[in-house]
Amino acid sequence: MTDKSEANPSKAIHPIYTVQNIQNKVRVLDGIKVTYSSWVRLFKLHAQGYKVLTYIDGTAPPTITDPAYETWSVIDAIVLQWIYGTLSNDLLVRVLDQTTALDAWNKVKDIFLNNKGSRAATIEHEFNNLTLRVMSSLEVYCQHLKDLASQLEDVECHVSANRLVLQLVRGLHSEFDTTTALINQSLPSWDTTCSMFQLEYQCQRARESHSPT
């Protein structure tokens, strides 16, 4: 017996109707922990996978008299809900008045890419002046520096891998001088650099715990 969906492919259920809890697939955009560029990559990946990329890439929708318009409008509303569901509360209130997924998509883009100069200057200042002394731990320091570099990428200020490593080194204090010297000589990758400093930090803590009072 032939399955009805196979006999009439046009009646097959659209993949978007199978999606639940979009927040578990696309992280919530806040511009700090989750940057705009990261959110865009994740959102587009899932939009392509669930065959709705045309709803946010500028593809013209069917005309209102087209028989396909009703189905298009329902799916567009779901994609719009995806966008709303993956924005922080602060961003949501600025986008909530949009009527189509593409309108909301472009509104989010405008929020992050308008006034790029002033935003870049503010982030650049924090990036250049961040040090370990003002952070709660080495791990938090490394992560925050990486987050700032991602935020600079959002405003089209590329941070090279070497610059990121050098900035990390610059913000450390003298107890890391031995590892710092090794890093400056070889300029390893970001992950390797963080691992080297974490190992040095653990060794220092171990020595301190075994030192006589």
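Heavy-atom basis, side chains included; hydrogens, waters and symmetry copies ignored.
Note: the hydrophobic cluster containing V79 also contains I13 (ILVMFWY, side chain heavy atoms under 4.5 Å, direct or indirect links). L168 and V134 fall within a single hydrophobic cluster, where Ile, Leu, Val, Met, Phe, Trp and Tyr are joined by side-chain heavy atoms under 4.5 Å apart, directly or via other members. Hydrophobic clustering keeps L172 apart from L199 (ILVMFWY residues linked when any side-chain heavy atoms are closer than 4.5 Å, directly or through intermediates). By the criterion of side-chain heavy atoms lying less than 4.5 angstrom apart, applied directly or through intervening Ile, Leu, Val, Met, Phe, Trp or Tyr residues, L80 is grouped together with V74 in one hydrophobic cluster. Under the 4.5 Å side-chain heavy-atom criterion for ILVMFWY residues, a single connected hydrophobic cluster contains both Y69 and V52.
Once rounded to the nearest 0.5 Å, the distance linking CD of E126 with CG of L145 reads 9.5 Å. To the nearest 0.5 Å, the span separating OG1 on T122 from CG on L152 amounts to 10.5 Å. With rounding to the nearest 0.5 angstrom, the CD1 atom of I56 is 9.0 Å from the CH2 atom of W82. Rounding to the nearest 0.5 Å places OG1 of T59 at 9.0 Å from CG of L102. One distance of note links OG of S150 with CD1 of I123; it measures 10.5 Å at 0.5 Å rounding. A distance of 8.5 Å separates NZ in K107 from CG in N114, rounded to the nearest 0.5 Å.
Residue E70 qualifies as open at atom CD: its count of foreign heavy atoms under 6.0 Å is 12 or below. The local environment of CD in Q48 is sparse, with at most 12 non-hydrogen atoms from other residues, nucleotides or ligands closer than 6.0 Å. For NZ of K116, the number of neighbouring non-hydrogen atoms (other residues, nucleotides, ligands) closer than 6.0 Å is greater than 12.
Defined by atom type and a distance below 3.5 Å, a donor-acceptor pair is missing between the side-chain atoms of D90 and S88. A donor-acceptor contact closer than 3.5 angstrom links the side chains of D147 and Q143.
Sorted by first and then second residue, the ring-ring contact (aromatic ring centres under 6.0 Å, His included) pairs with a member in residues 139-194 read H173-F176, F176-F197; sequence neighbours excluded. Listed by first and then second residue, the ring-ring contact (aromatic ring centres under 6.0 Å, His included) pairs that reach into residues 102-135 are Y36-F112, W39-W105, F43-W105, sequence neighbours excluded.
When atom types are taken as modelled, the side chain of T18 and the backbone of P15 share a donor-acceptor pair closer than 3.5 angstrom. Under a 3.5 Å cut-off, the side chain of S38 and the backbone N or O of V34 do not form any donor-acceptor pair. Checked by atom type and distance alone, the side chain of N128 pairs as donor or acceptor with a backbone atom of E124 at under 3.5 Å. Put simply, the side chain of D30 gets close to the backbone of K33: a donor and an acceptor are under 3.5 Å apart. At least one donor-acceptor pair under 3.5 Å links the side chain of Y84 to the backbone N or O of L96. Between the side chain of T193 and the backbone N or O of S189 there is at least one donor-acceptor pair closer than 3.5 Å.
Across all non-hydrogen atoms, the minimal contact from A101 to I83 is O-CD1, 3.4 Å. Looking at every heavy atom in both residues, S137 comes nearest to L132 through O-CD1, 3.6 Å. Nearest heavy-atom pair across I183 and M196 is CD1-SD, 3.4 Å. Here the shortest heavy-atom pairing between D66 and A68 reads OD1-N, 2.8 Å.
Counting heavy atoms from C-beta on, the side chains of I78 and V19 never come closer than 4.5 Å. Considering only heavy atoms from C-beta on, D57 stays 4.5 Å or farther from K44 through its side chain. Under the 4.5 Å side-chain criterion, counting only non-hydrogen atoms from C-beta, D103 is not in contact with V95. Contact of the E153 side chain with the T35 side chain is not registered, since no non-hydrogen atoms from C-beta on lie closer than 4.5 Å. Contact annotation: the side chain of V169 approaches that of T180 to within less than 4.5 Å [non-hydrogen atoms, C-beta and beyond]. Using a 4.5 Å heavy-atom threshold, the side chains of N162 and V165 count as separate.
With sequence neighbours excluded, no residue satisfies side chain to side chain donor-acceptor pair (under 3.5 Å) with Q98.
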